[in-house]
Amino acid sequence: MSDDTSAPGIHSNAGYWDSEVLELAKRFYYRPEFHPLLLEYLGTNGAARILDVGCGTGYLARLLASSVAGASVVGVDGDEKMLTLAEQILEQEGLSDRIELVRSDAYRLPFADGSFDLTTSHTLLCIVTDPEAALREQIRVTRKGGVVSAVVCFCHTDNLPHYHGRAPLPGNHRIDLLAYRLWQVWRQTVRPRLLAIDHTIVNQDLAWLFRHVGLEDIQVNGYLRMVAPGDDRIPIETGGPYAIAMQRSELKRIEQWRADHSEELADNGFSEAEFDELLALKRARLEYLEEDPARVREVMEVITDPLIMVRGTRPTEA
């Protein structure tokens, strides 16, 4: 889900993804062999009516619609650009009759009580300012005995470092250290403030939150999301453009962070000189790939992001 300044509880510049880059990333993030486990973790068994809250470009909604026999899927997001791209992809993939897209924020879902067998979300509860309120609204629209589930990332903790490959560029080894240090400082200072949320407890207490709001049969699973565009199983004509798009997106994000928060980041340990060095290295890497996308095999960047899948059942007596 992209952030939308018209929706309460989501701050611009805190959780934003460009719609095209988000779609590209989702296509790479989940290896196909994991899809059956993902569907099991989210609780899709026996679900005929499924709601995906914060659907973004509709990647998860499409996976649900194409994998769960006979299910009808509704995707909700507050970002019109995301939904526009989602509609285009649905038409291209012939899924328009299986998925309904609705623009709404996560706190005021436009559905009657008990409308769905399964309500799920993907990296939504870790960017809204009031995850409990969002979760309670998901419970409201889920039938008694139905399932509520969520995927959340480790975006409020130190995460794992990215592995930035070893393209033959001067000082390339510094990208690993500088990029990781910037993400640490950002996650621990600026991002929690923008989201008005305590970054030290969100992921650790999510399972507790599911129990706190009254859900039963709590189940917690995990997945190490990983993408390596230089993997030989990925064609260069696919992996190269993906790597370039992600490099451009990350460069733009770092430049924006510097423009908006350089003083705060410097006060917490990431200096202007380090910004200069990191941006120079990132620009050199981008230029190197743009000259020849086949160099993605040399760069062999590996991006990792652990995910938590939590699910619970709405009590039949409530």
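The chain is numbered in sequence order, starting from 1.
A 4.5 Å side-chain heavy-atom check between Met246 and Glu301 finds every atom pair outside the cut-off. Under the 4.5 Å side-chain criterion, counting only non-hydrogen atoms from C-beta, Leu215 is not in contact with Arg311. Within the 4.5 Å cutoff, side-chain heavy atoms of Leu209 are placed close to those of Pro131. The closest side-chain heavy-atom distance from Leu125 to Gln138 is below 4.5 Å. Within the 4.5 Å cutoff, the side chain of Leu182 has no heavy atoms near those of the Glu274 side chain. Looking only at side-chain heavy atoms (C-beta outward), Val128 and Tyr107 come within less than 4.5 Å of each other. Counting only heavy atoms from C-beta outward, the side chains of Val151 and Leu42 approach each other to under 4.5 Å.
With Phe270 as the aromatic partner, Arg181 does not meet the cation-pi criteria of under 6.0 angstrom to the ring centre and within 45 degrees of the ring axis.
Salt bridge status for Asp276 with Arg258: present, with a side-chain N to carboxylate O gap under 4.0 Å. Using a 4.0 Å cut-off between charged nitrogen and carboxylate oxygen, Glu287 and Arg283 do not count as a salt-bridge pair. Ion pairing between Asp79 and Lys81 fails under the 4.0 Å rule for side-chain N and carboxylate O. Under the 4.0 Å criterion applied to side-chain N and carboxylate O atoms, Glu290 and Arg248 are assigned as salt-bridge partners.
Separating the NZ atom in Lys282 from the CZ atom in Arg253 is a distance of 10.0 Å, to the nearest 0.5 Å. Atom CG of Leu251 is separated from atom CG of Leu281 by 11.5 Å, given to the nearest 0.5 angstrom. Taken from CG in Leu90 to CG in Asp97, the straight-line distance is 9.5 Å, to the nearest 0.5 Å.
In terms of modelled atom types and a separation under 3.5 Å, the side chain of Thr84 and the main chain of Glu80 share a donor-acceptor contact. With hydrogens and angles disregarded, no donor-acceptor distance shorter than 3.5 Å links the side chain of Arg174 to the backbone of Ala179. Between the Arg62 side chain and the Ile99 main chain, no donor and acceptor come within less than 3.5 Å of each other. Between the side chain of Arg98 and the backbone N or O of Ala71, at least one donor-acceptor pair lies under 3.5 Å. Distance alone, capped at 3.5 Å, is enough to place a donor-acceptor pair between the Asp77 side chain and the Gly56 backbone. Side chain of Ser67 to backbone of Leu64: no donor-acceptor contact under 3.5 angstrom is found. Proximity of a side-chain donor or acceptor of Asp117 to a complementary backbone N or O of Gly146 within less than 3.5 Å is not detected. In this structure a side-chain-to-backbone donor-acceptor pair under 3.5 Å is missing from Glu298 to Arg295. In this structure, the side chain of Tyr223 does not engage the main chain of Leu37 through any donor-acceptor pair within 3.5 Å. Using modelled atom types, no side-chain atom of Ser121 and backbone atom of Gly54 make a donor-acceptor pair closer than 3.5 Å.
Taking the six-membered ring where the residue is Trp, the centroids of Trp208 and His212 are separated by under 6.0 Å.
Thr189 and Glu264 form no side-chain donor-acceptor contact under 3.5 Å, judged by distance and modelled atom types alone.
Taking the six-membered ring for Trp and thresholds of 30 and 60 degrees, Trp257 and Trp186 have nearly parallel ring planes, at less than 30 degrees apart.
Each of Asp52, Val102, Leu109, Thr119 was compared with Val74 under the side chain to side chain contact (heavy atoms under 4.5 Å, CB included) criterion, and only Val102 meets it.
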